[in-house]
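Notes follow the structure.
Each chain gets a letter, A, B and so on, in the order the sequences are listed, and its residues count up from 1. Being a predicted model, the structure only gives us computed values, none of them experimental. Both backbone and side-chain heavy atoms feed into the values below; hydrogens, waters and symmetry mates do not.
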Amino acid sequence: MHNNNADLKNVRVRFAPSPTGSLHLGNTRTAIFNWLFARHTGGKFILRIEDTDKERSTPESVNVIMESLKWLGLDWDEGPDAGGDFGPYYQMQRLDKYKKYIDILIKRNMAYPCFCAPERLAEMRHQMQKQKLPPRYDGKCKNLSKEEIECLTSQGIKHVLRFRVPYTGVTEFNDLVHGKICIDNSVLDDFVIVKSNAGPTYNFACVVDDIEMKITHIIRGDDHISNTPKQIAIYKALCCNSPEFAHIPLILGHDKAKLSKRHGAASPLEYRDMGYLPQVLVNFLTLLGWAPGDNREIMSGDELIESFSIEKINDRNAVFDSQKLDWMNGVYIRKMPLEELVDIALEELKKAELIKDTEEVDVNKISKIVGLIQERLKKFSEIPQLINYFFDKPVYEEKPVRKFLKKDGVSQMLQELCKVIEEEEPFDIETLESAVREFIEKKGLKPGDVIHPIRVALTGRAASPPIFDVMEILGKQTCLKRIRRFCIY
RNA sequence: GGCCCCAUCGUCUAGUGGACCAGGACACAUGGUUCUCAACCAUGUAACAGGGGUUCAAUUCCCCUUGGGGCUACCA
């Protein structure tokens with residue numbers, strides 16, 4: 001029945017999102033696991049668009065999904081815009097293929113038309129739940145005669161096609177993550193395989209495509225476990241081997257519910273826009289439900305590919321922890337070549353209108369500034385806010401101003417300090433620091449008594465990179481101007 | 001309600017009967033460094049859900065309870 005688990009020679013896995021919105025982190029990780037598995041085994045990673053939901057599927061969503069995967073570096077070997085021998089890769093373009101299998105099922109009496117109205121079905125389910133019974137189709141149309149079918153059809157009553165599931169016995173399969181899973185067939189439902197609009201449903205189209213596309217391993221979320229027996233039943237009815245199944249745990253939000261759009265920013269593209277690195281997202285998401293087993297956490301794509309295996313996927317749901325994501329992004333940023341970070345910073349600064357598009361930028365100066373905040377960064381979107389005082393007048397925060405500048409004697413002290421600063425030449429870190437420290441000593445003050453007020457005067461806030469570095473970049477005139485503002489109290 | 005999956009620090013995890021008074025990471029706390037913040041270093045707080053078995057020995061195997069999650073559509 002099953003393929004040989006050990007046979008990893010011709011692995012073919014697919015990521016099959018439905019284009020009904022943007023990708024969220026749960027789907028994204030499913031894509032990552034499939035991709036890692038394909039790359040680890042030297043197999044093929046296939047992208048298939050499951051657009052059978054006509055009402056909700058949109059081309060925009062397809063674009064977002066593809067853009068997300070591309071940004072993350074998850075390249076597919078077959079799929080829309082990549083081609084392949086098993087296309088088309090949009091389900092709505094594969095209707096003729098489904099037709100072929102539907103005919104087989106009808107011929108074998110494994111499928112039957114059902115004319116029941118949705119209202120009746122809803123009521124039926126409701127009643128069954130009330131009676132503490134598993135909700136399943138009651139079989140009203142199960143044994144309609146040819147004449148009855150013709151009669152109902154001629155009246156123009158819409159119908160769906162239901163699959164005749166086995167009502168006895170047990171469906172058992174070996175899940176690569178969970179081990180043996182058994183489901184009693186008595187809880188299975190004669191589910192719909194063709195809708196009244198003649199479109200295939202997920203559980204049917206998915207099986208047909210996986211057969212036709214020669215998929216060897218289905219790696220998907222835990223939430224599909226309950227679909228699996230139904231799909232296995234179709235494989236059986238079609239006399240086809242089922243692929244291996246690996247149901248990976250779900251990613252949960254902080255409320256411990258399955259991650260969904262409700263949990264705020266959820267799509268990879270949104271993370272991109274917030275200033276996260278794609279490698280970080282891949283690294284972090286892979287670690288949600290999988291671990292190499294040797295305490296490594298920061299891992300490159302190649303290392304992940306090298307170490308990845310389905311056996312090491314764990315079977316517990318994981319809560320998404322954005323704090324740890326931030327930490328990891330910070331680690332990657334610190335390791336990043338400065339020039340690369342400067343390019344990103346330039347973009348952020350333009351976005352924040354701290355520098356103009358047309359402006360000739362002093363890259364040397366910018367890279368000095370960016371160098372000062374590299375180790376302080378968690379995500380790129382923080383850049384403008386962190387260094388705005390280099391480009392604009394500082395925004396003075398009330399608290400530090402009160403604490404460090406509006407204190408007795410401070411303005412007097414700053415006035416004297418300005419005289420010292422004024423004479424400094426060259427205006428660089430070393431000269432500045434020794435002069436200011438000499439000043440501090442001469443006045444019998446503590447370093448903080450002078451440095452804190454300078455910081456607030458120059459940056460507007462209580463925390464900044466080392467102040468002499470800041471002063472050097474700001475230049476003498478700007479420093480004097482900003483400090484003198486506080487000499488008149 | 002029915003069925004399924006799961007159960008180690010707050011969070012992500014290591015652990016597959018003895019090497020575990022349970023290891024790593026994030027977060028948190030304290031100290032060091034220091035002009036602040038960050039980074040870095042050191043230290044610390046913190047977990048095997050509960051109850052039964054099996055075994056010479058259970059975090060590890062089995063059962064029950066409890067708890068959490070998922071599915072229960074002419075969505076995927």
Side-chain angles (χ1 to χ4, degrees), chain A residues 16-20 50-53 55-57 91 114 116 118 121-122 125 128-136 158-162 175 177-178 181-184 186-189 191-203 205-206 220-229 247 249-250 252 254 256-258 284 287-298 314-328 330 334 372-378 386 400 404 433 436-437 440 446-452 454-456 459 461-468:
Chain A
S18 70
T20 53
E50 306 218 326
D51 54 354
T52 53
D53 185 340
E55 273 73 53
R56 297 193 303 146
S57 295
Q91 288 189 322
C114 168
C116 296
L121 296 171
R125 263 181 233 115
M128 288 182 141
Q129 199 176 104
K130 250 168 85 177
Q131 291 171 55
K132 308 191 176 189
L133 258 29
R136 58 197 316 222
K158 287 194 167 186
H159 71 274
V160 300
L161 213 58
R162 284 185 187 274
D175 190 280
V177 174
H178 294 278
I181 293 178
C182 300
I183 282 124
D184 201 308
S186 66
V187 303
L188 259 33
D189 192 26
F191 56 97
V192 173
I193 56 176
V194 178
K195 308 175 197 176
S196 57
N197 67 7
T201 61
Y202 162 73
N203 274 315
C206 163
R220 75 211 326 183
D222 252 357
D223 48 350
H224 284 290
I225 287 180
S226 53
N227 285 322
T228 308
H247 287 100
L250 266 19
L252 276 25
H254 258 111
K256 310 243 172 147
K258 184 168 88 160
F284 183 77
L287 257 24
L288 243 42
W290 178 87
D294 54 13
N295 285 342
R296 271 140 81 218
E297 294 211 296
I298 303 295
N314 72 34
D315 52 12
R316 307 162 41 201
N317 291 168
V319 174
F320 178 76
D321 179 9
S322 58
Q323 237 176 352
K324 189 160 181 176
L325 208 219
D326 282 356
W327 161 77
M328 190 177 277
R334 271 170 252 135
L372 292 180
I373 55 156
Q374 182 162 19
E375 63 185 26
R376 274 155 251 261
L377 267 185
K378 293 251 186 286
L386 232 37
F404 295 110
E433 174 150 17
V436 172
R437 288 202 187 274
I440 290 166
K446 279 178 289 177
D449 295 338
V450 176
I451 287 170
H452 292 319
I454 299 177
R455 167 172 295 109
V456 181
T459 71
R461 52 186 90 145
S464 82
I467 201 61
F468 300 111

(request) With a 3.5 angstrom cut-off on both distances, give the Watson-Crick or G-U wobble partner of B:A19, or none if there isn't one. (result)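 Its partner is none (no Watson-Crick or G-U wobble pair with both distances under 3.5 Å).
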
(message) Determine whether a donor-acceptor pair (one donor, one acceptor, N or O, separation below 3.5 Å) exists between the side chain of A:Ser196 and the base of B:C74.
(response)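 Side chain to base: pair found, below 3.5 Å.
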
Expressed in angstrom and rounded to an integer, what is the separation of [X] atom [atom1] from [N] atom [atom2]?
| X | N | atom1 | atom2 | result |
| --- | --- | --- | --- | --- |
| A:Gln323 | B:A27 | CD | P | 6 Å |
| A:Phe320 | B:U13 | CZ | C1' | 16 Å |
| A:Glu375 | B:A38 | CD | P | 11 Å |
| A:Met328 | B:A27 | CE | C1' | 14 Å |
| A:Asp315 | B:G69 | CG | P | 17 Å |
| A:Leu288 | B:A25 | CG | P | 18 Å |
| A:Phe191 | B:C3 | CZ | C1' | 16 Å |
| A:Asp189 | B:G1 | CG | P | 20 Å |

Between [options], which nucleotide has the shortest distance from any of its atoms to the side chain of [X]?
| X | options | result |
| --- | --- | --- |
| A:Pro466 | B:C74, B:C37, B:C35 | B:C35 |
| A:Val187 | B:C3, B:U36, B:C75 | B:C3 |
| A:Lys324 | B:C26, B:A76, B:C35 | B:C26 |
| A:Thr52 | B:A76, B:C26, B:G1 | B:A76 |
| A:Asp223 | B:G69, B:G70, B:A27 | B:G70 |
| A:Leu121 | B:G2, B:C74, B:U72 | B:C74 |
| A:Asn295 | B:A25, B:C74, B:G24 | B:G24 |
| A:Arg455 | B:A27, B:C35, B:G2 | B:C35 |
| A:Ile181 | B:A76, B:C4, B:C26 | B:C4 |
| A:Ala463 | B:G69, B:C37, B:C74 | B:C37 |

(request) Determine yes or no for a side-chain-to-main-chain donor-acceptor pair under 3.5 angstrom, with A:His178 supplying the side chain and A:His247 the backbone. (result)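 Here the side-chain-to-backbone pair exists.
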
(request) Examine the side chains of A:Thr201 and A:Asn203 and answer whether a donor and an acceptor come within less than 3.5 Å of each other. (result)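 A:Thr201 vs A:Asn203: no donor-acceptor pair found between side chains.
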
(request) Could you tell me the separation between the NE2 atom of A:His224 and the SG atom of A:Cys206, rounded to the nearest 0.5 Å? (result)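 Taking NE2 in A:His224 and SG in A:Cys206, the distance rounds to 8.0 Å.
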
Counting the atoms with a prime plus P, OP1 and OP2 as sugar-phosphate, which does [X] contact under 4.0 Å by heavy atoms, base, sugar-phosphate, or nothing?
| X | value |
| --- | --- |
| A:Cys182 | sugar-phosphate |
| A:Glu297 | base |
| A:Arg125 | sugar-phosphate |
| A:Val160 | base |
| A:Pro465 | base |
| A:Pro400 | nothing |
| A:Asn227 | base |
| A:Gln129 | base |
| A:Ala318 | sugar-phosphate |
| A:Ile225 | sugar-phosphate |
| A:Arg334 | sugar-phosphate |
| A:His224 | base |
| A:Gly330 | nothing |

Establish, with yes or no, whether the OP1 or OP2 oxygen of [N] is under 4.0 angstrom from a side-chain nitrogen or oxygen of [X].
| X | N | answer |
| --- | --- | --- |
| A:Asn317 | B:G68 | no |
| A:Lys195 | B:A73 | no |
| A:His178 | B:C6 | yes |
| A:Lys258 | B:G68 | no |
| A:Arg316 | B:U8 | yes |

(message) If you assign each of A:Met128 and A:Val319 to its closest nucleotide in RNA chain B, which residue comes earlier from the 5' end?
(response)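 Looking at the nearest nucleotide for each, A:Met128 comes out on the 5' side.
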
(message) Assuming nearest nucleotide by heavy-atom distance, tell me which of A:Asp222 and A:Ala291 is located more 5' along RNA chain B.
(response)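 Going by which nucleotide is closer to the 5' end, it is A:Asp222.
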
(request) Would you please classify the geometry between the A:Phe320 ring and the A:Phe284 ring as parallel, tilted or perpendicular, with 30° and 60° separating the classes? (result)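 The arrangement is perpendicular - the two ring planes meet at more than 60°.
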
(request) May I ask you to test the A:Ser196-A:Val160 pair for a side-chain heavy-atom distance under 4.5 Å? (result)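 The answer is yes; the side chains approach within 4.5 Å.
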
Between [N] and [M], how far is it from one [atom1] atom to the other, in whole Å?
| N | M | atom1 | value |
| --- | --- | --- | --- |
| B:G10 | B:G31 | P | 24 Å |
| B:A27 | B:A47 | C1' | 15 Å |
| B:A7 | B:A49 | P | 9 Å |
| B:C9 | B:U45 | C1' | 10 Å |
| B:C28 | B:C5 | P | 38 Å |

